[in-house]
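Heads up, the thing below is written out as structure tokens.
Remember, predicted model here, so these are calculated numbers, not experimental data. Within every chain, numbering begins at 1; the chains are lettered A, B, ... in the order of the sequence lines, protein sequences first and strands thereafter.
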Amino acid sequence: MASSKSILAKIFAEYYLSGAQARQEGRPIAYVTAFTPVEILRAMDVVCLFPESYAVVCSASNKSQEMIQASTMASFSQDLCSYSLISFGADHYPRPPYGGLPRPDMLIATNNQCGTTFLWFKLLSQKQNIPLFIIDYPAANPNQSATRPYIEEQYKELIKFVQKHTDRNINTQELNEQIICSRKACDLWLRLHELNKEVPPPLTATEIVDSLFPMLAAKGTPSACDFYEALIEEKQAIRNENSTDSLRLLWHGYPMWFLRKRFPDCFDDAFQVVLNDYTLWWNLDYPDEQGDMDALISAYSKTYLNRTLNHKIDWVDALARDYSVDGVICHANRSCRRALADIVPLRDRLHKKEIPSVIIESDMAHAGCYSGEQVKLRIESFRESLSI
Amino acid sequence: METTQHIIARCKKLISQPEYRNEYLIRIKEKYLGIIGYFSNYIPEEIIAAAGFYPLRIIGCYEPSKPSPHSLYIPVCSFARDMYSAASSGGLSYLSQVVFPNSCDSMRVFAQMWEHAVNFPPACVLLHPINDNSNAIQYFAEVIERFAGKLHQDGGNLITQTRLKETIDTYNQTRRLLRRLYDIRKINDTFLAGSDAVALMTAGLIMARDEYNQILSQIVNQGPREIHKDRKLKRIMIMGPLMDNYGFLSKIEEFGGYIVYDNITNGSRYCDLDVEIEGNLYENIARRYLTSGPSPTLNSDKEISDQSFQALIDDLDLDGIIFINQKFCEPHVHKYLAEADILKQMNINVLMLEIEHGRVEVDERDMLRIESFLEIAGRS
Ligand code: SF4
Ligand code: SF4
């Protein structure tokens, strides 16, 4: 079996070449938001590119500040989500990483993660005159009588929209296989996280965060499953070598893509992040007893950010218990209003449960919003309080 | 008969003096099953009224915000922050429930924080769609019908077709009268200042509807028929979300602006379409709410196109447009970014101002910007 590292490198290279290749082969390109039902699009031979993921790459390449600056020069308000600022900045920035994303033939956005993506794609559509399709998920509970048919009808309209703009038809066999692969990738993704229930945890939080990419770029394809299978196997082989008495932490919310380790440089074997719940947001639930459309409706309606506050808090609370954490670090990410909504209620719940927590204010992609010294001080004093 | 001046002064008091407003509402509360507060143009008032409740659009409080026990921690818009602070210090306790829209992230976050920390009065979210096609209308009609069922359960009043028709008629009447008000103000700039017109429109979101329709029709019927356009006044359109700070608007007028039209939540977007009275009423309401003046929170087909916008601008004989956004309002800043380009291409002067919702005073910098904008507006 190929190593996880080589599979990941292949997925990465294929993804970043896919735009240029699609252009050569005359295949359609769509920009999609993170929780778009890509299975439908891929079953219609559409190459899906994720501007959010591109913003992550720009941030990890230390370009976030300059690119955000470029977008603000073009009248964009700094208050907006930094993913969208970086993405718009790429159009005004001389040398964006990988030369920027190729111009798409269409834009597909959803509001099952936030209201920003819809506004961002709508603006892009208006400014560049690119056809736009919005999938509206009014509630996380698609079982309400009116919601399921509403979403299902939108999926049918999406297929018509793609047909209209590409002349491609849906391959239902392919769709079915995509969904099977997505379901399997999610199961493996969860299993990978669960390895860290062990003491000591076999994976660092950085390793898990850096393994997220196939959940977007290769979801619904066998290569994502191959990658996670290989990684799980590798990690199982090195498990439980020397048990140390360490403080186990849950990092709530986004990592910080601009940092070399994606998290502040404050952790070591005795004080480690065993789980970043953000990566589990990609573990969607595709029920297998229903048809393909129902599985998609269910999976994409019940994304973390589309859930009710109580559901989200209960979920994080349960994770804290399941992963036996000693404390929680909450990242109050100024970019993301929906994610920020959890912070105070979660802190209150953890307080009630006597689980210590600390709030760190920053941004997931904008290095300019990160105050390293301040964050380190907070985390260090949190560590001291846990050690007493 | 109450003079127009006196009516406008009363409207302004209702908007800017929370105590006066509260007294008014507490007095009126007796006649209804309770007051239901709501936060958006997508909440159908007709349904609330037909169920025997008093629908109250929640607007600004304009009093120094008391320290709230919980921080919102978030860049929600300044409107949501203001309202949160008012609610958590008990300022909205005369309401029997509140209805949140599903429109923007500020509102979603606000609704969640309400559920977590404010709790009283109880809140619900009306899960309206963001699309406006026939599928979305069908979906929204069912949501509205379920909402009507909930209000029936809460208050015991069954919403009959006859009752709903009567209520729709009352609300349509308001919309028609407001549209006439716009028509008069378009041709005659001596009739009512823009800040007064906004105060009059905003007060309608607070006042008992019969009383409001009566004063509105009195004002409209007294309106002049003749054309009067003072060339020295700069004809301005304002755009943005809810704008209940009429004092801010009067600053634009002090510098020689005439606010002839608007594209704001509590203005033209509130009254541009009626609800049809024949056929399935829930569907009619859904259609009206999704297809009236598009807000940027909606994925509407009817966003401005160059031609329709140009036509509107020609019709209004505009000198410039002022976008007035609430700080941290994402939807409207996106709208501005999309439309600024089109407007520039059309050679229309545009000014973007970002304001804190709860602030009554206009800061020096904004004053200067307004002044110099009005100086150059219309010259290009
Ligand atoms: S970070 Fe939050 S606001 Fe930005 S795109 Fe992601 S979900 Fe939306
Ligand atoms: S002002 Fe903007 S952000 Fe605030 S509630 Fe209105 S639309 Fe939402």
- request: Assess whether side chain to side chain donor-acceptor pair (under 3.5 Å) is satisfied between His116(B) and Asn310(A), documenting all intermediate values.
  value: CA-CA 8 Å; His116(B) 174 71; Asn310(A) 280 341; 6.0 Å; no
- prompt: Can Asp79(A) and Lys327(B) be said to form a side-chain contact (heavy atoms from CB on, under 4.5 Å), step by step?
  reply: CA-CA 9 Å; Asp79(A) 304 333; Lys327(B) 188 125 184 63; 3.6 Å; yes
- request: Give the C-alpha distance, both sets of side-chain angles, the deciding distance and a yes or no for side chain to side chain donor-acceptor pair (under 3.5 Å) between Thr308(A) and Gln112(B).
  value: CA-CA 8 Å; Thr308(A) 62; Gln112(B) 297 197 338; over 6 Å; no
task: Any chance you could lay out the side-chain contact (heavy atoms from CB on, under 4.5 Å) test for Glu157(A) and Asn135(B), step after step, and finish with the verdict?
output: CA-CA 10 Å; Glu157(A) 289 297 323; Asn135(B) 178 33; 5.5 Å; no
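Separating the CD atom in Gln154(A) from the OH atom in Tyr139(B) is a distance of 9.5 Å, to the nearest 0.5 Å. With rounding to the nearest 0.5 Å, the separation of OG in Ser77(A) from NE2 in His334(B) is 9.0 Å. Summarising the geometry, atom CH2 belonging to Trp114(B) is positioned 15.0 Å from atom CG belonging to Leu309(A); distances are rounded to the nearest 0.5 Å. Note that the CD1 atom of Ile342(B) and the CD atom of Gln126(A) stand 7.0 Å from one another [nearest 0.5 Å].
Within the 4.5 angstrom heavy-atom criterion, only side-chain atoms of Asn102(B), from C-beta onward, approach chain A. With a 4.5 angstrom heavy-atom cutoff, Lys156(A) does not touch chain B via any of its atoms. Within the 4.5 angstrom heavy-atom criterion, atoms from both the backbone and the side chain of Asn131(B) approach chain A. If you measure heavy-atom distances from Leu119(A) to chain B, the contacts under 4.5 Å come from both the backbone and the side chain. With a threshold of 4.5 angstrom between heavy atoms, Tyr150(A) approaches chain B through its backbone and through its side chain.
Glu153(A) places none of its side-chain heavy atoms less than 4.5 Å from the side chain of Gln138(B).
Heavy-atom pairs under 4.5 Å with chain A peak, among Cys104(B), Ala136(B), Ala141(B), at Ala136(B).
In terms of heavy atoms, Pro296(B) sits closest to Lys122(A) at O-NZ, 3.2 Å. Of all the heavy atoms in Pro138(A) and Arg108(B), the pair that sits closest is O-NH1, 4.4 Å. Scanning all heavy atoms of the two residues, the minimum distance from Leu337(B) to Ser75(A) falls at CD2-O, 3.3 Å. For the pair Ala341(A) and Met113(B), the tightest heavy-atom approach, listed with the atom from each and the gap, is O-SD, 3.9 Å.
Within 6.0 Å of CD in Gln374(A) there are 12 or fewer heavy atoms belonging to other residues, nucleotides or ligands. A 6.0 Å sphere centred on CD of Glu283(B) holds more than 12 heavy atoms belonging to other residues, nucleotides or ligands.
Side chain of Asp136(A) to backbone of Ile130(B): a donor-acceptor contact under 3.5 angstrom is found.
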